[in-house]
Each structure stands twice: as structure tokens, then as C-alpha cells.
Amino acid sequence: MKRVTRTGRPRTLATALAVALAAIACASSSSKESDSALSAAATAAGTPAWLQPPPPPKEAPVVRPGALHDASLDNGLRVMVLEDRRLPLAVVGVTLPRGAAIESLEEAGLASFTTELMQQGAGEWDALALASVVDDIGASLVVSSSWDSSSVVVVGLERDLDRLLEILATVLLEPRFDPAEAERVRAEQRATLVRARDEPGTLVSWHALATLYPEHRFGVPAMGTNESVQRLDAEAARNFHGRVFTPDGAIFFAAGDVKADRMRDEASRRFGAAAWPSRERTAVSPAPPERVPTAREIVVIDRPDLAQARIVVTHEGLARSDDDRVGADLMNKVLGGSGFASRLMQRVRADEGLTYSVSSGFDLRRHPGPFRISTFTRASETRRVVDLLLAEMERIRSEPPSEDELARAKSLAVGRFGLSLESSEAVLASLVDLAVYDLPADSLDTYRSRVRAIDTAETKRLANLLIHPDRAAIVVLGPAEVVAPQLEDLGEVRIVQP
Amino acid sequence: MQIRLGSWKPLARLHSMLLAASLLCPVVLVPAAHALEDPAASVVATTFENGLTVLTLEDDSTPVVSFQVWVKAGSVDEDRFTGIAHLFEHMMFKGSANIRPEEHARLINARGGRLNAFTSKDFTVYFEDVTSESLPLVIDLEHERFANLRVGESTLDTEREVVLEERRLRTEDSPQGRGLEALFALTWSAHPYRTPVIGWRSDVEKVTVEACQAFFDTYYAPNNLVIAIVGDFDTAETLAHLERTFGTLPPGEPPVRRPTLEPEQRGERRATVYFDLKSAILAAAWHAPASGSADSEALDVASQILSSGRSSRLYRSLVYEAQKALFAQGGYWELVQAGIFYAFAGVRPGESVDEVERLFFEVVDEMREQGVRQAEVDKAVRQIEVSLAGGTATAHALASRIGREMATFGRIRPLEERLAAYRAVTPEDVQRVVATYLVEDQRNVVHVVPEPSEPAGAGEAEARR
């Protein structure tokens, strides 16, 4: 046995060690004993750990008891506070359950435009003054929108908490919507749309969405189009703000080195009925068609200069609140949603060396978003890869996840869930997300047991219900001259310009 | 999850990487009431008899462990085949005496763990983030591949194709990737940092099993590794486990790094890369000092003043006022043997890259000639403080910090030391480093632009060829 010696050399470390023993005050050493017993047993046997039955996963409560505070104000605003004093940082924000999905096609990009413009001046501050107020204290301000929500979030040091809250309230409630700034933001948004098309991955995904939803808002990028953005101005942003940034269904949240009592007081003073009156809740957008496409579509976007073909195979998917979402996620993990644990990665990358990455997934939104498989390969191998993708879609139906595959997918889901909630910010973000979709607040606590309740009969049912190789759209970006002929016997190939 | 090449990161993200990399230690300049203890202060450093260094840092606030192996080998160490450090990193997932190809990743995945690896110019890093009961599995699996790796002809051929797809993805079909590859080759005319981490295509196509085996034998010896473990585990027990496994690996003789030194640059160098795009790219670099330089804090502060936030000089000038660029960043990137200060900007469609370049260098010239204000330095230091505090939030971030510091400096720089260095930066220091390093005859400039159309008469399709 080799001698283990502490290094004497880094004296700093030795000193550090002494300091340290006093330091990590937040650490509690509860389950240490059982741990030790476990791995001692494992190694005593002399067999490597991969040949032994896995120890039971160590699961901590998602939220430490007493750390989360949840209340509602009389204007409908929900207040969620998660105390965590490990770092001297604070995150404060407001999220509203309305985003780009409520735009009409004609005004596509309005949510992006409005949220960007909100950062270009508020209250007494013009654009540059606001930027300085944020930067001077090392804070960051992000105003953003997704398909189903919009948010204002401010992060900084706890000792600047008053200022962070002031920035949040001013940007949220008193944006200036200056016409000159609006013009600048509009030009920038249009330029960004043009630039995004330089990126092959973005371009192919936009074409895939356009193929699935030719007449629905989902068919156009969240940022809109050159034409729709051209129509936007300060007035449109002001109106959108008026109808979206209301307290109905909104959530004020604070995490980090904050005190719940004080945050509740601040929320009701700054965002209560007097400061932020309730309004009629805006109607949600119309749902997209249930089945898209109804028959096979093949689209090739011609980029003669590229060596690689970007491939998307796609059709309709699931809604965020669908009861099948946990089972569908497990089925998808087996298909292509879990890296090397997935069938697609094994087949296309590990066995054949045809790609660097392949993945599948459901884009969960309030209305069902797309299901898609995305990958890329050298242009000459396009057909081989498309065939492999379609074959694996077929196989997940005909040979649904086995007991072993499902067991692996479940422990992956449960383990990743634990890892993803390492920081308080992440826990709070998950809780806010549940609130946005009107899902039960205890969803995080019940998640592990819901995963464990799924059986192979269920994943088989879901594979057959949700995966449709026969009519999925095949969208490929690459040199059409090389790519299109390979796909011709799969159906009519439509070649489009980027 | 996939094995990802972290190799190099696009300069667009360099700035955040810079913070993650060079400033990572949580420096906090705060009044006592808010003092943040340096979590890395409780690191235990252990050296085994075979020369392996192990850093352990217990924190059981969440039941998570990050395990990282830092191998002191990167693309800088390659001789015959560029890209071998990275291709070899892929081969580490392709099986060993007792583990089939991909089984390592599959086993970690099946426990819900995250694993990955990346290769940089200086290091190759393997990591697993797992819930704590899986640490023994991680150690056994890592030991298995360090002890019993098998590089086979057919797996190498398959993985070579995977890497070539990765190269097409990140470099050949990416305007940004093309631009950076050109920039490094232009900036370093002799030093091995000039080669792309992923390697030149013709080398990747030729790497042999024997070359892989030799690379492994040379560099993957225990005395060339730093293992960093952070999270919820028992130190004594884990060290004992490591001793039974990694402790039995025979030490090697990793060569002392003696790279070709970069000769002094005399005069600006320029290159143009054609790509079918609408938004041209400006990428430039000046030579700057290596990690650990006395000027590094002042260079970091200069980076912040140029690029951090909407009140930064570059954003205000190029994006907000002139409206010629969609983004513009400049920053210090330190490597073990040399550094660069980079400039990177996305030109608005329809605007000229020459004009963006002129405006960019005007901002730099102004800093050199007129200096910066104390308020700007204060703001920069505050921004650094916030990002450093945030950088200690996860076990993974802490393990990265201590692993990198130990592999680079042979020690973990204490917070107080870093803090004092940032606080000591004056406006004069910032002006001095800008005047010293960001000079015209040390500058290397790359434009990524669409190929100009041929004169009237030629069709567009031909013009593109």
C-alpha cells in the first residue's frame, strides 16, 4: 500500500485548511454515516462499483424546510421568496404568464421588441442612465419574453437590494417607450433577424417551424420577421405592455440572501393594488392544428457552400401541462433525449460515426409545441442518416422501451432532477415555471414518485400515440445539389432558398 | 448529454469564459457583515507517492459531488498530429479492458449523473457531476480507463469520423469558427497555440492507434494529473478509495514543456476569410502576457471597461450610438504560456467591416491616449466581485476553479490575494497596459466577409465558387 502524504508544500493550503474548518458553517453532516457504511461495503468486496447493485439514490428535499415563502396580494400578484444565505447575492424579478404566443401573426416579434425597449429607459432614467445605474453596482438586468411568459429580472449584491428593487419596479411599471429608442431597437431587431440566418442551426429550425405551422404564430420565429418587425413602434410596445404587464397571474420572486418578511412588504408596497392595479386577463392565443403535418413533407434549404447537412425530423408534440408529459419524457429519453443513454446516439454516432450529436425532444408550451429530432452529417450521408432517424422512430413504436431501458431512463430523470436543483435560483425558477403553467405547486415534491409510477405499458402507449415516422416532416439545410437527389424516393422534395 | 469538445470557445463567449477562467476565485470586497468566506479555503491537498495530486473539498449542503480529472496535456503538447489531444479525449469514452465502448457514459447517465470532457490548448479535463452515493462508481470508472484503456483500430476510425463531423460543425461550416481558426494561426506564427484544438483536418484523418497509445503513455501518468473533488463526501474514505485505485498507477515521465517561443511581431498582420453570410465578423488579437502576470488584473479591468454591460465603452460607441455593430467585445484571454487581448464584433448587415474596425480601434486609442476614469475602474471591480460571488454557487464551479488553479499555478490563490490585486488597480495601470499591449504593430486582424461578386456578366452562382 502506497503511503499517502499530505503535501507540506502549499503552505497557503495548510493555512487555508485551518481557516476552512471554521468556514463552511452552512454544512450539516447528517447522512454521512450511512454513506460511509455503503461504500465501505462496496470496496471491501473488491469488486468494482459498476458490478454491484447501485446504492439507493440520496435524495434531499427539493426545498429546505422553512426556506420557501409563498403568498398572494389582493391584486392577484403571487409572492414567492426562497431564502438562501450561502452567498451574498440576491435575485429579484417579476414573471407574467403571457409571451410571444399571444401575438397575432401581423405583430410577430412584439413581445421581444417590447421587452428590449423596456431596457431603453424607465422613470427618470434614459437608456444610458439606466445602463449606468445597473452597471455601477455590478448588477445585471434582463427583460425577456418566451412563448408563454415575460420577465424582468435583476441580480446583484445583497447590500444593494434597495437599488435592485428600485430598478425592478421602475423598469416594470414605468418604461419610457421613447420613440427614438423604438426606432433604434426596431432596426437592431431586424438586423439580428438577418444575422441569425447566417447560423445554419437557427436557419434550419426556423424552416422546420414554418413547415409545421404555415398559418399559425408558431411558424414564425419568436423574434418575428423582417416584415412584421417593420410595423412595430413605440405605441405598439406601450399597448402591449398595457395588456401584458398586469398583475393578473404574475409572480414576484426573490431568492438568495433575502428575508421573506421584508420581501413581502416590499412586494406589497411596490407591486400591490395601489401601485399596480389589476386588469382583465388577456385571452390566450388560438391553438395550432392538432396534427402537423398531415402527410410527409420534405423541404431542402439550399446552402451550396456548406459541407454538412443539418437535419430536422419533426411533427406535433405535447403541451406543457399534458398529463402524459412525464411518461413522454421517459419514452423520449430512451429514443434520443439522454445523450449516450439513448438509442439514437448509440446508432447514429457510436455505431456509425455519422454525426457528433443527435437528440430528440418535445418543445413544451401552453399549446402543444413541436416534437423534433435534430442532427447533422456530411452532406453525402444525408439519406443514410434520415433512414436511421425514421427507423428509430419506427422502432420505439414496434420495440418500445424495455424494462431495463425504462429503469435507466427513470434513474436518469430522477438523478438529473436532483442535480438541476443545486442552486436556490434554479429551484425558484422551477417553481415560477409551474406557476406560469398553472401546475400544482407540489409538482417538484411529487416528481420523483410520478417518474417511478410509469411502467413499460405506459411508455409503449405513448410511443405509439406520440411518434409518427410515417408523416413527419423532413427538413434539411445543405447543398441541394447533393442532398435533394438522395431524398427523392421518400416523397416530393421542395427546394427553397435560405 | 454528449461528449462535448470544450476545446476553444467562440470569442463571443470569451468574455464570460474569461470571468469563469481567470477570475474565478470568489473575490469579495465587502464590509465584514457581508463577508463571503472563500469556500476553497478548506481544500485539502494530498500528494500520493506516485505523484498524483488530489484536492478534496467537502460541502454537504446539497447531496451532490463534482469529480474532475485535470490532465496537464492539451493541443500545445502535440507534435506530429495536431488534434490528437482532443481525438484522444474522445477515445477515453471508447472502452477499456473491463468496460465496453460508451458504457462509462451510460453507467453515469443511468445514475442520473452528468459527465463530459473538454480539451483546451493547455489541459484536458474529464468530469462527472453525480448525486453523492455514486462517487465510488465514478472513481472506479475513472480509474478503469486511466489504468486499462484500449485503443482499437475500428473504434478509432469511427470516432475519427465523429470528430470530423464536429470539425465541420464548429469550424468549417461556421463563420465564427473559420474566423477564429484564422485569427489564432495569424497571431501565433510559431508558438503551438496557433493550431486549432480540434486539429487540422488532414492530421485528424491520419492519427494512428500507436500515436494515441503513445500520447496516453506520455501524458496520462498520475504525476501529470490533478484530481479535484467537491461536494458531499467523506474525505478520508474517498482518499482511501483513490489510493487503492489511482494510487497504484505507475508514475510516468511527462516531458517538460519547451514550446517554440513566439518571435516578436513587427507590424500588423491581416487576413480575410470568405463565407456566405450577411453579417460580417471582425476578429482581432494583440499579444498579451501569460497566466499569472502582474498585469493580468489591470487587463481584466480594461476588459470590463470595454465590454461589460450596456454602459461599457464598446457597446455605447459601436452598438448604441453608431449602430454599426450588433455586438462588440474586447477582452483578455490568458493561457499558461501566452495570452491575447481579443477584439470581436458582429457587423450589422449592410454596414462595413472596415468602419466597425475603425470605430473599435478608436475606442481602444481613446483609452490609451486619454486613460479611464476612477469611476469606471470602481464599476469594473464591482462587476468582477458579483460574478466571482456567483461563481461559487455549485460544486462543479468550485471543482473547476481549484483544479484549474492547481494545474496552472501549483497552488490555489486565496481570495484575499486576488482581492487585493484587483483593488490595487488604478486608472493609470489600465492606461499603461492598454498602451503596452494594445498597439498597432502587435495587432492581428481577421475579417470574415462574403466573397465579393465578380464583375458584371458573371452569374451569382459562379461568383460564389
Side-chain angles (χ1 to χ4, degrees), chain A residues 2-7 10 12-13 16 19-20 23-24 26-27 29 32 36 39 42-43 48-50 55 57-58 60 87-89 131-132 135-136 138 157 159 191-192 194-195 198 200 305-308 338-341 349-350 353 355-357 376 408 411-412 414-416 418-419 422-423, chain B residues 1-2 34 36-37 41-42 45-49 59-64 102 105-107 109-114 129 131-133 136-137 140 158 161-162 165-166 168-169 172-173 175 234 237 241 243 247 276-279 309-311 326 348-349 379 382-383 385-386 389 393-394 411 414:
Chain A
K2 302 283 179 186
R3 191 170 53 92
V4 179
T5 51
R6 296 273 188 270
T7 39
T12 39
L13 289 184
V19 177
I24 309 213
C26 53
S29 49
K32 208 126 260 180
S36 306
S39 58
T43 45
W50 66 81
K58 196 162 164 183
L87 299 169
L89 295 174
S132 293
D135 291 347
D136 283 351
L157 291 173
R159 70 174 189 265
T192 303
V194 175
R195 177 174 179 271
D198 286 346
D305 57 313
L306 298 183
Q308 216 163 35
S338 56
F340 282 109
R349 174 173 162 161
T355 190
Y356 172 66
S357 176
F376 44 83
R408 283 170 180 253
S411 55
L412 173 68
V414 169
R416 286 287 164 81
L419 290 183
E422 195 180 346
S423 76
Chain B
M1 260 300 295
Q2 69 215 35
H34 299 275
L36 171 70
E37 301 287 351
S42 54
T46 305
T47 304
F48 289 1
E49 220 171 53
D59 170 9
D60 59 3
S61 53
T62 50
V64 167
E102 262 79 55
R106 218 171 281 131
L107 284 161
N109 270 320
R111 296 276 188 95
R114 266 192 302 251
D129 298 333
T131 40
S132 46
E133 80 282 354
L137 174 68
D140 283 351
T158 310
E161 292 303 326
V162 170
E165 288 303 336
E166 186 180 358
R168 285 183 191 97
L169 174 80
E172 294 166 11
D173 277 1
D234 181 275
E237 181 189 308
H241 190 174
E243 192 186 1
D276 183 6
L277 45 59
K278 299 281 190 302
S279 172
R310 290 178 186 238
S311 71
L326 284 170
R348 271 208 194 191
K379 176 175 76 175
R382 181 77 79 97
Q383 288 172 327
E385 175 186 343
V386 175
T394 62
R411 68 185 188 107

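Lettering of chains follows the sequences in order, A, B, ..., and the numbering in each one begins at 1.
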Quick one: of [options], who has the most non-hydrogen atom pairs under 4.5 Å with chain A?
| options | result |
| --- | --- |
| B/Ala393, B/Ser279, B/Gly112 | B/Gly112 |
| B/Asp129, B/Thr158, B/Leu169 | B/Leu169 |
| B/Glu172, B/Glu161, B/Lys278, B/Arg168 | B/Arg168 |

Hey, what do you get for [atom1] ([X]) to [atom2] ([Y]), rounding to the nearest 0.5 Å?
| X | Y | atom1 | atom2 | value |
| --- | --- | --- | --- | --- |
| B/Leu107 | A/Arg408 | CG | CZ | 6.0 Å |
| B/Arg106 | A/Ser338 | CZ | OG | 10.0 Å |
| B/Ser132 | B/Asp60 | OG | CG | 9.0 Å |

Region of [X] that comes under 4.5 Å of a non-hydrogen atom in chain B:
| X | answer |
| --- | --- |
| A/Leu419 | both |
| A/Ser132 | both |
| A/Pro48 | both |

Discussion item. What I'd like to find out is whether the side chain of A/Pro200 reaches to under 4.5 Å of the side chain of A/Phe376, using heavy atoms alone.
Written reply: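 A/Pro200 does not reach A/Phe376 side chain to side chain.
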
Discussion item. Which one wins on heavy-atom pair count under 4.5 Å against chain B: A/Thr355, A/Asp135, A/Leu412?
Written reply: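 Heavy-atom pairs under 4.5 Å are most numerous for A/Asp135.
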
Worksheet item: Is B/Glu385 salt-bridged to A/Arg159, cutoff N-O under 4.0 Å?
Response: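 Yes.
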
Item to complete: Measure distances from B/Leu326 to the heavy atoms of chain A and classify the residue's part below 4.5 Å as side chain, backbone, both or neither.
Response: side chain

Discussion item. With side-chain hydrogen bond (donor to acceptor under 3.5 Å, both in side chains) as the criterion, how do B/Arg114 and B/Asn109 come out once you've worked through the C-alpha distance, each side chain's angles and the decisive distance to 0.1 Å?
Written reply: CA-CA 7 Å; B/Arg114 266 192 302 251; B/Asn109 270 320; over 6 Å; no

